[in-house]
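Residue numbers run from 1 in the order of the sequence given. Worth saying up front: this structure is predicted, and the values here are computed from it rather than measured.
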Amino acid sequence: MLFKIYINSSFKISSKNRTVFLKLNSLDKAEMFQSEAKALAILEDKSSFKIPKVLLCDSVEEYSFLVLEYLDLDKSSSNSMGLGKLLAE
């Protein structure tokens, strides 16, 4: 096999004060979330477009999870083509 596919459970969680994006997977995927958190931090420092802030990366019992700032992309003024061009830079 050339690559592995990791399917996360994903949730938008809202309260009165905040909305977050939660990615959830099994405990053995904790390293994957840690790598993603590091990559997002690097992108946030170097990018000219909005990158979600990592709020928490941890594990509990048999689950690993990543909690991110929720970005409402439907309200974003950018489009897919523009985002692709920015990523390519």
Side-chain angles (χ1 to χ4, degrees):
M1 177 182 272
L2 295 175
F3 59 91
K4 292 183 180 181
I5 298 175
Y6 298 103
I7 305 293
N8 301 308
S9 295
S10 301
F11 305 92
K12 175 185 173 186
I13 301 173
S14 298
S15 71
K16 284 194 293 186
N17 303 322
R18 177 183 244 176
T19 300
V20 299
F21 184 69
L22 169 67
K23 296 175 76 172
L24 182 69
N25 210 319
S26 57
L27 184 59
D28 65 319
K29 303 298 188 285
E31 188 176 325
M32 176 184 67
F33 284 145
Q34 292 165 358
S35 296
E36 182 174 351
K38 289 177 188 174
L40 287 170
I42 291 168
L43 284 172
E44 186 178 8
D45 288 342
K46 309 242 181 232
S47 178
S48 58
F49 57 97
K50 183 71 173 155
I51 302 295
K53 288 183 175 36
V54 175
L55 304 175
L56 182 62
C57 182
D58 207 346
S59 51
V60 154
E61 296 179 8
E62 69 267 16
Y63 298 102
S64 60
F65 58 91
L66 180 62
V67 181
L68 303 171
E69 169 188 25
Y70 179 77
L71 300 181
D72 190 351
L73 299 178
D74 290 338
K75 294 181 179 177
S76 173
S77 61
S78 65
N79 60 37
S80 298
M81 181 69 78
L83 178 61
K85 287 179 182 178
L86 287 170
L87 283 171
E89 294 174 356

Linking I/L/V/M/F/W/Y whenever any side-chain heavy atoms sit under 4.5 Å apart, do [X] and [Y] land together?
X: L56; Y: L24; result: yes
X: I51; Y: M32; result: yes
X: V67; Y: V60; result: yes
X: L55; Y: F11; result: yes
X: V54; Y: I13; result: no

Does I42 sit in a hydrophobic cluster with other residues, and if so which ones, taking ILVMFWY side chains as linked at heavy-atom separations under 4.5 Å, directly or through other members?
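Via sub-4.5 Å side-chain contacts, I42 links to none.
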Shortest non-hydrogen separation from F65 to L22 and the atoms involved
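Nearest pair, atom of F65 first, then L22: CB-CD1, 3.8 Å.
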Return the minimal non-hydrogen interatomic distance between F33 and N8, and the atom names on each side.
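The answer is CZ-OD1, 3.4 Å.
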Just by modelled atom types, is the S26 backbone N or O under 3.5 Å from a matching donor or acceptor in the S64 side chain?
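Checked: pair present.
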Can you name the side chain to side chain donor-acceptor pair (under 3.5 Å) partners of S15, sequence neighbours left out?
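If we apply the side chain to side chain donor-acceptor pair (under 3.5 Å) test to S15, skipping adjacent residues, there are no hits.
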Option passing side-chain contact (heavy atoms from CB on, under 4.5 Å) with L66 (candidates K29, E36, Q34)
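One option only clears the test, and that one is E36.
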Residue pair S14 / T19, side-chain donor-acceptor N/O under 3.5 Å
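Indeed, the side chains of S14 and T19 share at least one donor-acceptor pair under 3.5 Å.
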Is it true that atom CD of E31 has more than 12 heavy atoms of other residues, nucleotides or ligands lying nearer than 6.0 Å?
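No, because the 6.0 Å sphere around CD of E31 holds 12 heavy atoms or fewer from other groups.
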Using the test side chain to side chain contact (heavy atoms under 4.5 Å, CB included), find all partners of L71 that sit at least two apart in sequence or belong to another chain.
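If we apply the side chain to side chain contact (heavy atoms under 4.5 Å, CB included) test to L71, skipping adjacent residues, the hits are K50, P52, E69, L73.
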